[in-house]
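These values consider heavy atoms only, across backbone and side chains, with no hydrogens, waters or symmetry-generated copies. Just so we're clear, the structure is a prediction, and the values are computed from it rather than from any experiment.
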Amino acid sequence: MSGKTRGYLSALLFVVLSWHLLSLILDKPFFPQPFPVMRELLFRTLHGNLPGHFLVSVYRVLASLIISFVLAVPLGLVVGRNPALDRLVSPVIYLLYPLPKTVFLPLIVVLLGLGDSPKILLISLIIFFQILVAARDAAKDIAPQWVLSMKSLHATRWQVYRHLVWPSCLPNIFTSLRISLGTAIAVLFLAETFASTDGLGYFILDTMEKREFAAMYAGILAMGLLGVASYLLVDLLENRFCRWNRF
């Protein structure tokens, strides 16, 4: 068993034991013990609609991340390597970045209707700026002598971006993706509890209103599993595309 696997199992054991002790201390129906919740998670997975809600949420998170990544990374790299463009764009970023985009959810629903589009747009709007700022800052931090070295070899602008800027910034971009994942899942819950009929957020809210607390916590566990799976996917991609960063 690898050290990483042992770490995950130790963390899981710690969470389950803490949860069990806290539920015994509180002794309230709204905070059941972990094993009935795990049994409910297994039952809802095999015989219920939880897998359907899970897949809907996975689709929304992945679609949002891909859209934000495709739009924010190229823009951030170009802005970071172009001081004149940076002076023009950065004030706009600083003005829009702190705005709480969640307040626009009702307006987005009115414009785009129900379904996946408004939720994906809301999540994309929020994490777009996180990835954009990380990519821009990483591009700005590249040492000038590295760029001069490439230019002395008659590298074109495209070759500088491809062989220097992109690989130099990629580790920071993956870090921003991890941060954005936490934000995306938190916003996903909010988006799926508003004018929604599917997704884990809807499942959690629906079971809470029905006072099916074991099922509610099963939905929360499923959302946690979604987060863990997403982080593992980002780690896998980073190990695949940033091999030099491991040394």
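- Val228 and Val15 fall into different hydrophobic clusters, defined by Ile, Leu, Val, Met, Phe, Trp and Tyr side-chain heavy atoms under 4.5 Å apart, directly or through other members.
- A heavy-atom distance below 4.5 Å is found between the side chains of Leu12 and Val16.
- In this structure Asp235 satisfies the salt bridge (Lys or Arg N to Asp or Glu O under 4.0 Å) test together with Lys4, Arg178, sequence neighbours excluded.
- Counting Ile, Leu, Val, Met, Phe, Trp and Tyr side chains that sit under 4.5 Å apart, directly or through other members, Leu13 shares a hydrophobic cluster with Leu17.
- Pairs engaging residues 20-36 under the salt bridge (charged side-chain N to carboxylate O under 4.0 Å, His left out) rule: none recorded [sequence neighbours left out].
- Taking a 6.0 Å sphere around OH of Tyr59, one finds it holds 12 or fewer heavy atoms contributed by other residues, nucleotides or ligands.
- Every pair passing salt bridge (charged side-chain N to carboxylate O under 4.0 Å, His left out) that includes a residue from residues 200-209 is listed here, sequence neighbours excluded: Asp206-Lys210.
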Anything under 3.5 Å between a donor and an acceptor, one on a side chain of residues 110-133, the other on a protein residue two or more places apart or in another chain? List them.
| residue | atom | partner | partner atom | Å |
| --- | --- | --- | --- | --- |
| Asp116 | OD1 | Arg60 | NE | 2.9 |
| Asp116 | OD1 | Arg60 | NH2 | 2.9 |
| Lys119 | NZ | Gly115 | O | 2.9 |
| Ser124 | OG | Ile120 | O | 2.6 |
| Gln130 | OE1 | Ser180 | OG | 3.1 |
| Gln130 | NE2 | Thr183 | OG1 | 3.2 |

May I have the list of side-chain donor-acceptor pairs in residues 46-58 shorter than 3.5 Å, sequence neighbours left out?
| residue | atom | partner | partner atom | Å |
| --- | --- | --- | --- | --- |
| Asn49 | ND2 | His53 | NE2 | 3.4 |
| His53 | ND1 | Gly199 | N | 3.0 |
| His53 | ND1 | Gly199 | O | 3.4 |
| Ser57 | OG | His53 | O | 3.3 |
| Ser57 | OG | Glu192 | OE1 | 3.1 |
| Ser57 | OG | Glu192 | OE2 | 3.0 |
| Ser57 | OG | Leu200 | N | 2.9 |

Show me, pair by pair, the donor-acceptor contacts under 3.5 angstrom made by side chains of residues 161-172, not counting sequence neighbours?
| residue | atom | partner | partner atom | Å |
| --- | --- | --- | --- | --- |
| Ser168 | OG | Leu164 | O | 2.6 |

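- In this structure, Phe203 CZ and Thr193 OG1 are separated by 15.0 Å, a value rounded to the nearest 0.5 Å.
- In this structure, the side chains of Val73 and Leu77 come closer than 4.5 Å at one or more pairs of heavy atoms.
- Under the 4.5 Å side-chain heavy-atom criterion for Ile, Leu, Val, Met, Phe, Trp and Tyr, Met216 and Tyr202 are members of distinct hydrophobic clusters.
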Output a table of donor-acceptor pairs, distance under 3.5 Å, between side-chain atoms of residues 30-40 and any protein atom two or more places apart or on a different chain; print 'none' if there are none.
| residue | atom | partner | partner atom | Å |
| --- | --- | --- | --- | --- |
| Glu40 | OE2 | Arg44 | NE | 2.8 |
| Glu40 | OE2 | Arg44 | NH2 | 3.4 |

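- Under a hydrophobic clustering in which Ile, Leu, Val, Met, Phe, Trp and Tyr are joined whenever their side-chain heavy atoms come within less than 4.5 Å, directly or via other members, Ile173 and Ile179 fall into different clusters.
- Leu190 and Leu65 fall into different hydrophobic clusters, where Ile, Leu, Val, Met, Phe, Trp and Tyr residues are linked whenever their side-chain heavy atoms come under 4.5 Å apart, directly or through other members.
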Side-chain donor-acceptor pairs under 3.5 Å in residues 147-156, sequence neighbours left out?
| residue | atom | partner | partner atom | Å |
| --- | --- | --- | --- | --- |
| Ser149 | OG | Gln145 | O | 2.7 |
| Ser152 | OG | Leu148 | O | 3.4 |
| Ser152 | OG | Ser149 | O | 2.5 |
| Thr156 | OG1 | Gln159 | N | 3.2 |
| Thr156 | OG1 | Gln159 | OE1 | 3.3 |

Give the intermediate values and the outcome of side chain to side chain contact (heavy atoms under 4.5 Å, CB included) for residues Leu181 and Leu177.
CA-CA 6 Å; Leu181 269 172; Leu177 275 179; 5.7 Å; no
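- The side-chain heavy atoms of Ile185 and Phe189, taken from C-beta on, include no pair separated by under 4.5 Å.
- Under the 4.5 Å side-chain heavy-atom criterion for Ile, Leu, Val, Met, Phe, Trp and Tyr, Leu42 and Tyr217 are members of distinct hydrophobic clusters.
- The nearest pair of heavy atoms linking Leu188 to Leu226 is CD2-CD2, 4.0 Å.
- When the side chain to side chain contact (heavy atoms under 4.5 Å, CB included) test is applied to Ala134, the partners found at least two apart in sequence or on another chain are Ser176.
- The side chain to side chain donor-acceptor pair (under 3.5 Å) search around Tyr94 returns Arg136, not counting sequence neighbours.
- Every side chain to side chain donor-acceptor pair (under 3.5 Å) that Asp86 has, sequence neighbours left out, goes to Ser90, Lys140.
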Does the side chain to side chain contact (heavy atoms under 4.5 Å, CB included) test come out yes or no for Val79 and Leu75, once each step is laid out?
CA-CA 6 Å; Val79 171; Leu75 179 60; 3.9 Å; yes
